[in-house]
Amino acid sequence: MPVKERREKEALEKAIKISRRSFTKALIAVPFAVRALQSPLRAKVKIDTDRAIGDIDPKIYGNFIEHLGRCIDGGVFEEGSPLSDSNGFRKDVLEAARKLNVTTLRWPGGNFSSNYHWKDGLGPRDQRPRRLEMAWGTVETNRFGTHEFLQYADMLGTEPYICTNLGTGSWEEAQQWVEYCNSPADTAMTRLRAQNGRKEPWKVTYWGLGNEMDGPWQMGHRSADDYGKFALEAAKLMKWTDPKIKLIAAGSSNFGTGVDWIGWNRTVLDYLKRHADYLAIHMYVGNPDNDYYEFLTSSVDLDQRIKTVEGLINAALSGEPRDRRIYIAWDEWNVWYRARGAQQRGRRILEEHYNLEDALVVATFLNSFVNHANIIKMANMAQLVNVIAPIFTNEKALFLQTIYYPLQLFANNSKGKALEIFVDSPKYESKRFGPVPYLDTSASYDNGSLVINVVNRHKDQTIQTAFEVEDKQFSGTVEVIEVNGPDIKAENNFEGEPVKPAHRSATAQGKMLHYNFPPHSYTMIRSKLA
């Protein structure tokens with residue numbers, strides 16, 4: 001081939017290659033160009049401090065410890081550990097729990113309580129009986145009993161909440177437990193208390209009338225009618241022993257499992273409407289299908305259940321004295337789905353490792369509790385340490401799971417009155433619930449301080465939000481704390497905590513505050529109003 005012709009051919013091939021590369025680059029650039037042309041997502045929120053839902057009861061920031069896995073033994077209580085005090089309490093766990101501002105602590109269960117006989121946990125630890133523990137498939141040493149629990153609650157600065165055994169237990173056993181803990185009289189029970197080192201009564205206010213008695217897995221499972229009759233007699237004896245106590249009835253939580261949960265709750269309320277002060281409901285959620293957006297609608301389900309139970313309570317109290325009140329105690333709740341199943345029995349069980357999306361769901365649950373402050377007056381995250389818990393330990397240290405931080409921020413900041421706020425947010429389509437707002441919000445107002453909690457459910461986009469206070473003005477600095485991470489599956493562990501709070505800044509002008517909420521984030525905003 002002549003030189004000139006060969007050069008022309010090479011030039012043509014080079015030009016074709018350059019054109020192909022340019023075309024490919026152009027194709028790659030198209031999505032970015034389209035994205036750049038998209039309008040940013042915007043939302044607006046209007047706040048009026050006179051529009052109060054109700055008083056936020058601090059007890060909605062409670063927790064729960066059960067004789068289950070490494071929650072108590074190996075969690076809050078680890079005898080012989082260099083990290084424990086002379087009584088066996090883990091000092092590092094106690095300090096982390098104090099920072100959570102735990103307001104109520106439920107014990108001893110849970111399923112465990114339905115076969116727990118409280119007198120087994122009295123006296124010198126080395127002389128207490130070892131029992132087969134049939135709820136979780138272990139041997140219970142009884143080294144952590146009533147005295148240890150109430151001492152721990154006192155050290156933690158929390159209200160104790162004792163769940164009685166209405167499974168294999170008796171009315172007399174429940175009554176005597178109240179007498180042992182609360183009575184100032186000179187009786188056999190109070191002498192036994194003094195013999196075990198405690199002369200003065202503890203005056204425990206909150207007592208549960210059994211746990212999940214509608215569940216066939218529960219030891220001593222009963223029908224709604226049988227439970228209602230049995231719990232009524234226990235309630236009468238317990239309140240005759242100490243009229244100042246508050247009683248929590250075991251409602252049905254088994255939505256979608258074939259149990260007539262509405263019928264159960266209606267029947268129980270009919271029996272206990274003049275004796276119970278709370279109806280206990282439980283709810284655990286998860287993401288087994290790895291569907292992020294459906295998982296993030298879990299709190300929508302929670303909201304619907306709260307409204308249904310509130311309606312049942314209102315119906316039960318129809319015709320009762322106007323000052324008679326029954327509230328909801330959501331005394332077990334959390335994300336729990338990886339570490340569950342029939343194989344979950346023994347020592348190291350229910351040890352969920354949480355990621356960022358779990359923390360976002362926890363924050364939306366807390367928003368729901370605040371947004372229903374008129375009826376939700378107690379809630380207990382299950383559980384405190386190791387077992388589906390915000391704190392995780394080994395024999396040398398602990399780390400704080402992703403779900404620790406939303407609970408800590410709510411418990412230490414969202415107080416006073418819950419506000420009914422107007423939110424106009426972009427939405428996405430849920431398979432179960434239809435249109436769901438990307439922004440999930442709550443607000444509280446206390447002594448001139450406004451706290452706004454916002455979860456941006458959007459996985460990819462920032463949402464530009466304008467806040468307007470209708471009746472006041474922002475005053476001074478605006479504090480912003482954001483819980484986020486590199487991606488929705490980011491987990492904390494002993495090596496590091498990629499998901500934790502970060503402090504941001506914001507500036508308000510008069511009645512207006514503008515803030516951009518990043519994707520997959522929980523943000524708390526706090527400011528004074530004048």
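Hydrogens, waters and symmetry mates are skipped; everything else that's a heavy atom, side chains included, is used.
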So with a 6.0 Å cut-off around [atom1] of [X], is the heavy-atom count from everything else above 12?
{"X": "D460", "atom1": "CG", "value": "yes"}
{"X": "K99", "atom1": "NZ", "value": "no"}
{"X": "K511", "atom1": "NZ", "value": "yes"}

Quick one about [Y] and [X] (side-chain donor to acceptor, distance below 3.5 Å, no hydrogens or angles considered), yes or no?
{"X": "N380", "Y": "N63", "answer": "no"}
{"X": "H282", "Y": "D331", "answer": "yes"}
{"X": "T146", "Y": "W177", "answer": "yes"}
{"X": "S368", "Y": "D303", "answer": "yes"}
{"X": "T402", "Y": "D358", "answer": "no"}
{"X": "S113", "Y": "N165", "answer": "no"}
{"X": "T465", "Y": "N516", "answer": "no"}
{"X": "E482", "Y": "T523", "answer": "no"}

Any [X] side-chain heavy atom under 4.5 Å of [Y] side chain:
{"X": "V455", "Y": "N453", "result": "no"}
{"X": "F392", "Y": "L398", "result": "no"}
{"X": "N334", "Y": "Y354", "result": "yes"}
{"X": "Y284", "Y": "I388", "result": "yes"}
{"X": "V76", "Y": "Y152", "result": "yes"}
{"X": "H520", "Y": "N484", "result": "yes"}
{"X": "N492", "Y": "Q401", "result": "no"}
{"X": "E332", "Y": "N211", "result": "yes"}

Minimum heavy-atom separation for [X] to [Y], with atom names?
{"X": "V436", "Y": "F433", "result": "CG2-CB, 4.2 Å"}
{"X": "E352", "Y": "V335", "result": "CG-O, 4.5 Å"}
{"X": "A249", "Y": "L272", "result": "CB-CD1, 3.7 Å"}
{"X": "A411", "Y": "L100", "result": "CB-O, 3.3 Å"}
{"X": "D214", "Y": "S253", "result": "OD2-N, 3.8 Å"}
{"X": "S527", "Y": "S475", "result": "OG-O, 3.9 Å"}

Taking salt bridge (Lys or Arg N to Asp or Glu O under 4.0 Å) as the definition, give me every residue that meets it alongside [X], ordered by chain and number, with sequence neighbours left out.
{"X": "E212", "value": "none"}
{"X": "E294", "value": "R432"}
{"X": "K246", "value": "none"}
{"X": "E357", "value": "K489"}

Please determine whether side chain to side chain donor-acceptor pair (under 3.5 Å) holds for the pair Y404 and E497, giving the CA-CA distance in whole Å, both sets of side-chain angles, and the decisive distance to 0.1 Å.
CA-CA 11 Å; Y404 179 96; E497 295 186 6; over 6 Å; no
Can you say whether the rings of [X] and [Y] are parallel (under 30°), tilted (30 to 60°) or perpendicular (over 60°)?
{"X": "Y206", "Y": "Y278", "value": "perpendicular"}
{"X": "F369", "Y": "F365", "value": "perpendicular"}
{"X": "F295", "Y": "Y337", "value": "perpendicular"}
{"X": "F399", "Y": "H353", "value": "parallel"}
{"X": "H67", "Y": "F144", "value": "perpendicular"}
{"X": "F410", "Y": "Y61", "value": "tilted"}
{"X": "F149", "Y": "W107", "value": "parallel"}

Salt bridge between [X] and [Y], side-chain N to carboxylate O under 4.0 Å?
{"X": "D57", "Y": "K59", "value": "yes"}
{"X": "D291", "Y": "K431", "value": "yes"}
{"X": "K417", "Y": "D55", "value": "yes"}

Checking D277 against K239 for the salt bridge (charged side-chain N to carboxylate O under 4.0 Å, His left out) test, could you report, in this order, the C-alpha distance in whole Å, the side-chain angles of both residues, the deciding distance, and whether it holds?
CA-CA 11 Å; D277 302 281; K239 282 209 168 180; 3.0 Å; yes
Would you say [X]'s side chain and [Y]'s backbone share a donor-acceptor pair under 3.5 angstrom?
{"X": "N182", "Y": "D242", "value": "no"}
{"X": "N412", "Y": "Q408", "value": "yes"}
{"X": "E351", "Y": "R348", "value": "no"}
{"X": "S449", "Y": "K528", "value": "no"}

Roughly how far, to the nearest 0.5 Å, is the [atom2] atom of [Y] from the [atom1] atom of [X]?
{"X": "Y161", "Y": "R106", "atom1": "OH", "atom2": "CZ", "answer": "4.5 Å"}
{"X": "L156", "Y": "L384", "atom1": "CG", "atom2": "CG", "answer": "7.5 Å"}
{"X": "Y438", "Y": "S425", "atom1": "OH", "atom2": "OG", "answer": "9.0 Å"}
{"X": "I328", "Y": "I248", "atom1": "CD1", "atom2": "CD1", "answer": "13.5 Å"}
{"X": "M512", "Y": "F474", "atom1": "CE", "atom2": "CZ", "answer": "8.0 Å"}
{"X": "R338", "Y": "N355", "atom1": "CZ", "atom2": "CG", "answer": "5.0 Å"}

Which of these, I452, I53, V370, I421, sits in a side-chain contact (heavy atoms from CB on, under 4.5 Å) with S442?
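When side-chain contact (heavy atoms from CB on, under 4.5 Å) is applied between S442 and each of I452, I53, V370, I421, only V370 qualifies.
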Only one of T393, V385, I391 passes side-chain contact (heavy atoms from CB on, under 4.5 Å) with R90; say which it is.
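With R90 as partner, side-chain contact (heavy atoms from CB on, under 4.5 Å) holds for just one option, T393.
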Taking the six-membered ring of Y292 as reference, does the NZ or CZ atom of R457 fall below 6.0 Å from its centre and within a 45° cone about the axis?
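Cation-pi check for R457 and Y292: fails.
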Within the 6.0 Å centroid threshold, strictly below: W330 and H372
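So the answer is no for these two rings.
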Please name all residues satisfying side chain to side chain contact (heavy atoms under 4.5 Å, CB included) with R51, sequence neighbours left out, ordered by chain then number.
D48, E420
Those residues that, when tested against P435, pass side chain to side chain contact (heavy atoms under 4.5 Å, CB included) (two or more places apart):
K427, E429
Test ring pair (Phe, Tyr, Trp, His ring centres under 6.0 Å) on F467 and Y515; report intermediate values, then the result.
CA-CA 8 Å; F467 293 91; Y515 193 80; 8.1 Å; no
